[in-house]
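Remarks on the structure that follows.
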Amino acid sequence: MIIRDTKLHPPAERGPWVARPRLLHRLRGSGDASLTLVGAPAGFGKTVLMAQ
């Protein structure tokens, strides 16, 4: 049995990021909020956006 520790460590970077300046600007503008919800369907890059 192979135990993978992917939930314990961030995944390795997979190449260049897709530039999302509008989304990054909106996230930076919510700095004083106690909670920020990022919602989108699967495969829309939520995790990648938060990693940036």
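Along the sequence shown, residues are numbered consecutively beginning with 1. Because the structure is a prediction, the values reported are computed rather than measured. Any value given below was found using the heavy atoms of this structure, including those in side chains, with hydrogens, waters and symmetry copies removed.
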Are Phe44 and Leu49 grouped together when hydrophobic residues (ILVMFWY) are joined by side-chain heavy atoms under 4.5 angstrom apart? no
Do Val38 and Leu27 have side-chain heavy atoms sitting under 4.5 Å apart? yes
Grouping I, L, V, M, F, W and Y whenever their side-chain heavy atoms are under 4.5 Å apart, do Leu24 and Val48 come out in a common cluster? no
More than 12 non-hydrogen atoms from neighbouring residues, nucleotides or ligands closer than 6.0 Å to CZ on Arg26, yes or no? no
Looking at Gly39, is its backbone amide N or carbonyl O close enough to the side chain of Lys46 to form a donor-acceptor pair, meaning the two atoms are under 3.5 Å apart? no
